[in-house]
Engineer: 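Below you'll find the structure I mean.
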Amino acid sequence: MIEDQKGYLGQLTAPRALRFEREVAAPPEEVWQYLTSEKLLATWIADATVDLRVGGRIKLHFDEGDDPDDHCKSKDRDVAHDNGGRITVCEPNHRLTYLPLAPAGGETVLSFTLIPLDGRTLLVLEHSELPPEFMVAFAAGWHTYLDALGCRLRGEEPQPVPVLFEANIKRYTFVLAVASLVLSAQSASADSGSTYQAEVAERNRLLTKYDRLCREEDDLNRAITEVRRVKSADAEKSLDYLVRDLKNKESELHNLELDIRDLDRAIRSS
């Protein structure tokens, strides 16, 4: 089942802040359990220890194999695989905020907001006060773990985290670079000429298309993972079609990235 989202990719809302929105196939009460239950947290993000109250702590114990290339590891401090933080907001079935450590130390601010939608939930994740050098890693990590959470809520088995995380590192290296340019250009756009405005509008259109194609690519990868678990001739035939479609999608995304980069160069020279 394909989930509907206003925006599929994580958004850069400030130079050190990310926001994700996911419409998930479960009511807020069930999603809350996946955010706060030690048993359920272990099924989509990490083994956990939870003292669920304001002033209590959520501790997450990540598998080092999730990040084989140490994208989240600081040279000065290794907190990437043993993290969590003090709870500052705990409103059951609605909002949870706590303060995980950044890889090099210092607190970040992580909030989950659950908005009911006729038996489903709009899950909003906001993570701020992030170190600039780890923005791509955090974006790729949350995209990967939210994908796993969505699978669990649909009763599906998630894809292997390391493979998906590495793919998302490459994706968000591009996405956040473009997003940074968008943020820096917003203040200038109001006073710019018609050519600049037209180029910005075209970039926004291409970014919307890129967002949609990324969602379709992830849907294909999930479908391929499911089909590979089935051993039959029909499954092999379906797999061939899915792999072909995935290669076409990857090519389309690559070409779109080139178009966006070309447009950004034109915007910067306007």
Side-chain angles (χ1 to χ4, degrees), residues 1-24 113 115 117 120 122-128 130 132 135-144 146-147 150 164-224 242-270:
M1 182 175 73
I2 297 176
E3 297 172 350
D4 296 324
Q5 287 108 20
K6 295 179 182 178
Y8 180 65
L9 297 173
Q11 303 295 312
L12 191 67
T13 57
R16 298 176 59 194
L18 294 167
R19 177 185 174 97
F20 287 83
E21 294 188 10
R22 290 287 185 273
E23 186 176 326
V24 295
T113 302
I115 302 170
L117 295 173
R120 296 167 66 83
L122 177 62
L123 169 61
V124 180
L125 182 157
E126 296 171 292
H127 203 167
S128 61
L130 296 169
M135 293 295 294
V136 169
F138 274 100
W142 280 125
H143 189 110
T144 300
L146 287 174
D147 184 87
L164 191 55
F165 179 64
E166 287 300 319
N168 280 320
I169 284 287
K170 295 177 182 178
R171 175 187 287 176
Y172 278 99
T173 298
F174 168 75
V175 168
L176 294 191
V178 174
S180 295
L181 291 173
V182 172
L183 281 179
S184 63
Q186 284 176 344
S187 59
S189 63
D191 300 322
S192 300
S194 58
T195 299
Y196 180 91
Q197 295 282 3
E199 289 170 340
V200 169
E202 176 63 8
R203 178 174 63 186
N204 290 340
R205 185 188 71 81
L206 294 180
L207 288 173
T208 298
K209 182 178 180 181
Y210 188 87
D211 186 278
R212 175 177 58 79
L213 290 176
C214 285
R215 179 173 62 180
E216 292 172 0
E217 182 183 44
D218 283 356
D219 288 335
L220 283 169
N221 274 313
R222 282 192 292 269
I224 288 169
L242 288 169
V243 170
R244 181 199 61 194
D245 289 347
L246 180 62
K247 289 181 178 178
N248 290 337
K249 197 71 62 181
E250 290 171 344
S251 177
E252 193 172 356
L253 275 165
H254 175 70
N255 291 333
L256 189 54
E257 285 185 6
L258 296 178
D259 290 342
I260 293 170
R261 287 192 176 103
D262 286 343
L263 193 53
D264 277 334
R265 282 192 287 269
I267 289 171
R268 286 197 295 270
S269 64
S270 295

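Hydrogens, waters and symmetry mates play no part in the numbers below; they use all other heavy atoms, side chains included. This is a predicted model, so every value here is computed, not measured.
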Engineer: Calculate, to the nearest 0.5 Å, the distance between atoms CZ and CG belonging to R261 and D264 respectively.
Structural biologist: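 R261 CZ to D264 CG: 9.5 Å, rounded to 0.5 Å.
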Engineer: Side-chain contact, heavy-atom cut-off 4.5 Å: D211 with L207?
Structural biologist: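 When only atoms from C-beta onward are counted, L207 and D211 do not touch, as no gap falls below 4.5 Å.
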Engineer: List the atom of Y210, the atom of L9, and the distance in Å for their closest heavy-atom pair.
Structural biologist: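 Scanning both residues, the minimum pair turns out to be CD2-CD1, 3.8 Å.
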Engineer: Please give me the minimum heavy-atom distance between T13 and L18, naming the atom from each residue.
Structural biologist: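 Looking at all heavy atoms of both residues, the closest pair is OG1-N, 4.3 Å.
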Engineer: Return the set of residues passing salt bridge (charged side-chain N to carboxylate O under 4.0 Å, His left out) with E202 (not counting sequence neighbours), or none when no residue passes.
Structural biologist: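 With sequence neighbours excluded, E202 shows a salt bridge (charged side-chain N to carboxylate O under 4.0 Å, His left out) to R205, given in chain and number order.
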Engineer: Closest heavy-atom contact between R120 and V24?
Structural biologist: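 So the two residues come closest at CB-O, 3.3 Å.
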Engineer: Does E216 have any salt bridge (charged side-chain N to carboxylate O under 4.0 Å, His left out) partners at least two apart in sequence or in another chain, and if so, which?
Structural biologist: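 E216 satisfies salt bridge (charged side-chain N to carboxylate O under 4.0 Å, His left out) with R212, K249 only.
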Engineer: So, are R215 and D218 salt-bridged, with charged N and O less than 4.0 Å apart?
Structural biologist: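 Answer for the salt bridge query: no.
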Engineer: If you compare all heavy atoms of L176 against all heavy atoms of A139, which two are closest, and at what distance to 0.1 Å?
Structural biologist: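 Scanning both residues completely, I find the closest heavy atoms to be CD1-CB, 4.0 Å.
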Engineer: Listed by chain and number, what are the salt bridge (charged side-chain N to carboxylate O under 4.0 Å, His left out) partners of R16, not counting sequence neighbours?
Structural biologist: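 Partners of R16 under the salt bridge (charged side-chain N to carboxylate O under 4.0 Å, His left out) test: E129.
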Engineer: Does any N or O in the side chain of Y172 come within less than 3.5 Å of the main-chain N or O of H143, such that one atom is a donor and the other an acceptor?
Structural biologist: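 Not a single qualifying donor-acceptor pair exists.
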Engineer: Give the minimum heavy-atom separation between A137 and I169, together with the two atoms involved.
Structural biologist: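 Looks like CA-CD1, 3.8 Å.
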Engineer: Parallel, tilted or perpendicular, judged at 30° and 60°: which one describes the rings of F138 and H127?
Structural biologist: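 Because their plane-to-plane angle is over 60°, the rings of F138 and H127 count as perpendicular.
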Engineer: Rounded to the nearest 0.5 Å, how far does OH of Y8 lie from CZ of R22?
Structural biologist: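 Reported to 0.5 Å precision, the distance equals 5.0 Å.
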Engineer: When you measure from the side chain of S251 to the backbone of K247, do you find a donor-acceptor pair of N or O atoms at a distance under 3.5 Å?
Structural biologist: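 Here the side-chain-to-backbone pair does not exist.
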